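Okay, so here's the structure we're looking at.
All values derive from a computational prediction rather than experimental measurement.
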Amino acid sequence: MADQLIRATAADGGIKAVGVISTRLTEEARQRHKLSYVATAALGRTMAAGLLMAASMKRSGSRVNVRVKGDGPLGGVLADAGLDGTVRGYVGNPSVELPPNHKGKLDVGGAVGAGFLYVVRDLGHGYPYSSTVELVSGEIGDDVAHYLASSEQTPSALVLGVFVGEQGVTAAGGILIQVLPKAARDEELVATLESRIEALSGFTPLLQAGKTLTEIFNDLLGDMGLNIFPESQMLRFHCGCSFDRVLGALKILGEAELQDMIVKDDGAEATCDFCGNIYQASSDDLTQLIGDIQRESLISD
């Protein structure tokens, strides 16, 4: 099943729902970063959460940056997702592995530990909005739902999942359901919705059972005036890094540091944290950068 995002409403627009399938992009991230099982689950959940939150943004170019920073051995998780359906991310210590938790599942909470969730929303006009909340469990889903309720005052149910086995990631994604004020006043509707969400065994078991996003929404909201938008959005792992950007970053180091790299290393190597791409800058590249710095210095003088 292709990685995709669908949107829906229910209860005359009083309920907003977004669902994502992110299996392939999570597997790509696993391979790029050589992630352990628990690191794959942590990053996969965070990327799915970022895509779900980005879906509510309006302006072209908008992005959401989700950073989970705890005191556990994973060393933090960072995902960057866009309204355009692209996402990228990484973890601090990709090889960390832990025994299963008391439920027999991957111990993402133990790997993350206690700490904070940082969310930065770039609305596309140069003034990012940032917010910080304390982690509730480190399991990602609970923490993002807590952020949405406390920072955006929107009651939200967030179900995330990543199933990774010996063959890699075979199911990943999530659903986000938000109850707006006009529907929140209907206590019976809210209670019914909460009961159905609590009854879910998780998200990945639904995908493994062959359920589509449309079928999942129908099960949850089908009798509440469900309206699924006809357009589905394709999702993909994508990083905007490039050799030119690497050269720009190296240039900031200054003439003396670049000259030292030429003498000691005959060039420079840089690895993108987000996607793992490796860039090689030769001594000629660095010499050209030094020349650019010198010319710019003469012009400014």
Heavy-atom side-chain proximity of [X] to [Y] below 4.5 angstrom:
{"X": "Ile262", "Y": "Ile290", "result": "yes"}
{"X": "Val64", "Y": "Val119", "result": "yes"}
{"X": "Thr9", "Y": "Phe229", "result": "yes"}
{"X": "Arg30", "Y": "Glu27", "result": "yes"}
{"X": "Leu220", "Y": "Arg196", "result": "yes"}
{"X": "Glu257", "Y": "Leu250", "result": "no"}
{"X": "His102", "Y": "Asp107", "result": "no"}
{"X": "Thr214", "Y": "Asn218", "result": "yes"}

Heavy-atom pair with the smallest gap, counting every atom of [X] and [Y]:
{"X": "Phe203", "Y": "Val20", "value": "CZ-O, 3.5 Å"}
{"X": "Phe217", "Y": "Gly19", "value": "CZ-N, 3.4 Å"}
{"X": "Val169", "Y": "Thr23", "value": "O-CG2, 3.6 Å"}
{"X": "Leu289", "Y": "Leu247", "value": "CD1-O, 3.7 Å"}
{"X": "Pro94", "Y": "Ala39", "value": "O-CB, 3.6 Å"}
{"X": "Ala29", "Y": "Leu43", "value": "CB-CD2, 4.0 Å"}

Throw together a table of side-chain donor-acceptor distances under 3.5 angstrom for residues 50-60, partners on residues two or more places apart or in other chains.
residue: Ser56; atom: OG; partner: Met53; partner atom: O; Å: 2.9
residue: Arg59; atom: NE; partner: Gly124; partner atom: O; Å: 3.1

Assess whether atom CD of Gln4 is packed by more than 12 heavy atoms of other residues, nucleotides or ligands within 6.0 Å.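 Enclosed: over 12 neighbouring heavy atoms sit under 6.0 Å from CD of Gln4.
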What do you reckon, is CG of Asp12 surrounded by more than 12 foreign heavy atoms closer than 6.0 Å? no
Can a salt bridge be assigned to the pair Glu139 and Lys105 using a cut-off of 4.0 Å between side-chain N and carboxylate O?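 Answer for the salt bridge query: no.
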Basic-acidic side-chain contact under 4.0 Å: Glu231, Arg7: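 Salt bridge absent between Glu231 and Arg7.
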Spell out, yes or no, whether [X] and [Y] are grouped together once hydrophobic residues are joined by side-chain heavy atoms under 4.5 Å, including indirect joins.
{"X": "Val66", "Y": "Phe237", "value": "yes"}
{"X": "Leu213", "Y": "Ile15", "value": "yes"}
{"X": "Tyr118", "Y": "Val136", "value": "no"}
{"X": "Val246", "Y": "Ile293", "value": "yes"}
{"X": "Leu78", "Y": "Val120", "value": "no"}

I would like to know whether Phe243 and Asp285 meet side-chain contact (heavy atoms from CB on, under 4.5 Å); could you show each step before the answer? CA-CA 11 Å; Phe243 184 62; Asp285 294 323; 3.6 Å; yes
Could you state the interatomic distance from [atom1] ([X]) to [atom2] ([Y]), rounded to the nearest 0.5 Å?
{"X": "Thr46", "Y": "Asp80", "atom1": "OG1", "atom2": "CG", "answer": "12.5 Å"}
{"X": "Leu235", "Y": "Asp3", "atom1": "CG", "atom2": "CG", "answer": "6.0 Å"}
{"X": "Leu74", "Y": "Ser95", "atom1": "CG", "atom2": "OG", "answer": "9.5 Å"}
{"X": "Thr170", "Y": "Gln208", "atom1": "OG1", "atom2": "CD", "answer": "5.0 Å"}
{"X": "Thr26", "Y": "Ile21", "atom1": "OG1", "atom2": "CD1", "answer": "11.5 Å"}
{"X": "Asn277", "Y": "Cys241", "atom1": "CG", "atom2": "SG", "answer": "4.5 Å"}

Is it the case that the side chain of [X] and the backbone of [Y] share a donor-acceptor pair, with hydrogens and angles ignored and the cut-off at 3.5 Å?
{"X": "Ser22", "Y": "Leu25", "value": "no"}
{"X": "Glu215", "Y": "Thr212", "value": "yes"}
{"X": "Asp143", "Y": "Leu135", "value": "no"}
{"X": "Asp265", "Y": "Ala268", "value": "no"}
{"X": "Arg88", "Y": "Phe274", "value": "no"}
{"X": "Asn101", "Y": "Lys103", "value": "yes"}
{"X": "Thr204", "Y": "Gly161", "value": "no"}
{"X": "Asp71", "Y": "Gly115", "value": "no"}
{"X": "Arg67", "Y": "Leu117", "value": "no"}
{"X": "Gln280", "Y": "Gly267", "value": "no"}

Which residues pass the ring-ring contact (aromatic ring centres under 6.0 Å, His included) test with Phe163, sequence neighbours left out? none
Go through the structure and list residues passing side chain to side chain donor-acceptor pair (under 3.5 Å) with [X], not counting sequence neighbours.
{"X": "Asp266", "value": "Ser283"}
{"X": "Thr86", "value": "Arg63, Asp84"}
{"X": "Glu97", "value": "none"}

Output, in order, the C-alpha distance, side-chain angles, deciding distance and verdict of side-chain contact (heavy atoms from CB on, under 4.5 Å) for Leu253 and Met261. CA-CA 11 Å; Leu253 297 177; Met261 289 179 178; 3.3 Å; yes
For Arg121 and Asn65, does a side-chain donor sit closer than 3.5 Å to a side-chain acceptor? no
Other than Ile252, which residues form its hydrophobic cluster under the rule that side-chain heavy atoms must be closer than 4.5 Å? none
Test Thr192 against Ser195 for side-chain contact (heavy atoms from CB on, under 4.5 Å), laying out the working first. CA-CA 5 Å; Thr192 299; Ser195 176; 5.8 Å; no
Intermediate values then yes/no, salt bridge (charged side-chain N to carboxylate O under 4.0 Å, His left out), Arg32 and Glu28: CA-CA 6 Å; Arg32 282 180 174 272; Glu28 181 172 347; 2.9 Å; yes
Would you please test Phe116 and Val133 for side-chain contact (heavy atoms from CB on, under 4.5 Å) and show each step? CA-CA 6 Å; Phe116 295 88; Val133 296; over 6 Å; no
